[in-house]
Amino acid sequence: MDDLVKQARFDRDAFGRLFDHFYPAILAYCVRRLLVRAIAEDVTSEVFLKVAARIREFTGSTAEDFRRWLFRIATNEINAHLRQSIRRRELLETAARMGTIDSAVSTSLIADDAPADWEDIFRALGELSDREQSIISLRYFAGLKHNTIADVLGIENGTVRVALSRALSKLREHLRECEQTGHATPGDVRGDT
Amino acid sequence: MNKHQKDDWDALFDRLPVDTSVDEEHGERLKKQVLAAYDEAHSPRSRRLAISRMGEFLMRYKIPHWTAAAIVIAGMIWLTQQTATPALALDEVVDNFVKARSARYDAVATMTGQPTQRMKVYYLEPRHSRQELEGGHINIVDWQAGKMVGLNPDTKTATVFNFVNLPAESKAGLQTNQFDVLRLSLQEAVADPNAKVESLGEKELDGRTVVGFRFRQPVQPMTLWADPETKLPVRIEMTMAGPPQMQIVMSNYEFNVELDESLFSTEIPEGYNVVEAEFDASTPTEADFIATLTMCTKGSNKFPTGFDAAAIAQYVATYLVETYHQGEPTAKEQAPTADQMQDAAKIGRGFQFALSLPVESDAHYAGHGAKPGDADQPVFWYKPTGLTKYRVIYADLSIKESDSAPEVDGAKKLLE
């Protein structure tokens with residue numbers, strides 16, 4: 001795979017094989033984070049079109065380098081899409097309408113085996129900062145390890161552990177607030193538009 | 001967060017009820033689009049003038065020394081436009097070169113009929129570079145911070161370019177300095193089965209045996225001499241076809257040396273006057289090109305003599321002298337003003353648009369000798385990607401669309 005990455009800068013077929021290899025993982029990451037498949041496919045398309053246009057500028061030499069670069073671009077694209085609260089709201093409404101997140105899941109994170117609503121979970125996630133969302137997404141939606149997340153986001157390994165812990169604490173707090181006071185309003189907390 | 005909670009988060013997100021399976025139709029459709037984008041990005045000899053290169057030139061530009069600036073900008077264009085070429089025996093040398101965490105070397109740039117420019121170059125991952133030019137001028141580039149700093153000890157002036165509109169992923173993806181660009185070129189050359197590399201055998205260089213390789217590129221040949229023991233380059237010579245011909249020699253390489261991070265600090269030393277300007281790092285457009293030509297023709301009342309690096313550098317220099325000094329030579333030690341730097345950044349953006357056009361655009365330049373304001377004289381034309389009509393720019397800087405390219409004596413194609 002490392003050789004494929006090196007060849008992909010000038011070899012179209014090699015680049016096509018890289019696409020075949022990484023497309024499912026990037027699509028899955030986008031679907032888990034964006035919930036609505038059509039939007040996830042659009043963002044996935046943006047990611048790979050950017051990669052194709054910039055492959056000659058990629059300076060890594062291994063498959064792991066390429067993977068980190070891909071997830072960095074994907075994370076930036078997802079964040080850019082979610083940065084507008086109206087989009088977050090529409091996304092959740094669409095996902096709820098389509099039945100994607102209308103189920104509940106049992107978890108002891110809020111209270112003993114209390115059911116959590118996926119819609120609330122994603123609303124709460126949307127209230128975190130871009131970086132916090134990125135860390136949680138890369139960890140739980142992309143399944144990346146801490147050191148890889150650190151490389152993707154360009155931060156220290158130790159920072160990822162601390163930031164992830166804090167982000168999850170905030171997420172849990174938001175969920176508890178949702179449970180106590182009803183549904184949160186997406187976008188209001190961060191005050192963005 | 002205890003382990004129990006950590007497991008709970010894992011368990012929770014594992015149960016996210018979304019279908020992540022691949023839709024083959026979307027995958028196939030996207031693959032076609034992506035490969036088309038790949039083809040476009042790899043059009044033959046697509047000349048992509050890196051923003052950082054132009055900015056680096058602009059930052060260190062001093063009006064009376066346009067010749068030195070010309071050498072630098074020509075070298076930058078050279079570095080960013082060259083295409084691949086390979087060799088099998090080079091694999092290990094290039095691999096070691098690519099993996100180097102830091103480097104220190106000398107660079108000498110010479111152009112026919114112009115003074116030689118010498119500099120000491122330092123590189124430290126990730127993508128920090130520092131150039132110490134003969135005469136004491138220092139350039140420091142921190143691409144991730146989006147900043148270039150030039151320190152002139154003669155005038156105690158710090159010139160600072162702040163990049164704006166820089167795409168986040170570009171900070172990590174772009175080649176940002178001579179060292180990274182060269183590494184990428186060599187990496188591509190080794191990996192490309194169609195490239196031509198000639199073995200030059202052994203020779204003695206500075207008291208040691210080195211092994212040489214010549215990269216046979218039609219426009220910019222390159223020779224690399226490597227130490228067979230360390231398997232690292234010791235000297236790289238590059239030649240840019242003229243006129244005027246330019247050569248850059250990099251030698252005395254030291255790899256993985258300890259370099260103090262303070263060398264790459266963009267903090268301005270005490271006692272320096274700061275002259276600051278912004279550089280728009282977003283993709284330049286035709287409008288930027290027109291703005292550049294408008295500024296320059298207003299200042300110098302003529303078009304560049306050509307579209308090679310030296311001609312552009314000379315043209316920009318003339319514009320700045322005409323605009324800011326009424327054509328009078330300025331003192332050597334005079335520092336650029338913020339207005340000059342901002343103007344230079346805008347000018348660079350416009351030329352960057354033209355120099356970045358792919359070969360398929362059939363871009364031509366015919367401005368040499370054209371009189372600004374002449375509504376009948378085409379000076380530049382190109383075909384935008386995906387369109388069939390040409391965009392023709394006239395000497396009065398009006399733009400018309402045309403089904404065919406104009407026929408103008410002396411017109412030169414930007415890329416062959």
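Order of the sequence lines fixes the chain letters, A, B, ..., with proteins taken first and strands second; residue numbering starts at 1 for each chain. What you see below is based on every heavy atom in this structure, not just the backbone, and it leaves out hydrogens, waters and symmetry mates.
- Here the two rings, on Phe353(B) and Tyr382(B), have centers that are under 6.0 Å apart.
- If you measure heavy-atom distances from Asp20(A) to chain B, the contacts under 4.5 Å come from the side chain alone.
- Proximity to chain B (any heavy atom under 4.5 Å) is shown, for Leu49(A), by both the backbone and the side chain.
- Taking the six-membered ring for Trp and the full ring otherwise, the centers of Phe255(B) and Phe97(B) sit less than 6.0 Å from each other.
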Can Thr20(B) and Phe141(A) be said to form a side-chain contact (heavy atoms from CB on, under 4.5 Å), step by step?
CA-CA 11 Å; Thr20(B) 60; Phe141(A) 298 148; over 6 Å; no

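- Heavy atoms closer than 4.5 Å to chain B are found in both the backbone and the side chain of Phe48(A).
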Show, in sequence, the C-alpha distance, side-chain angles and deciding distance for Arg12(A) and Leu35(B), and conclude whether the side-chain contact (heavy atoms from CB on, under 4.5 Å) test is met.
CA-CA 7 Å; Arg12(A) 189 180 195 270; Leu35(B) 290 177; 3.5 Å; yes

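- Proximity to chain B is absent for every atom of Thr75(A), based on heavy atoms less than 4.5 angstrom apart.
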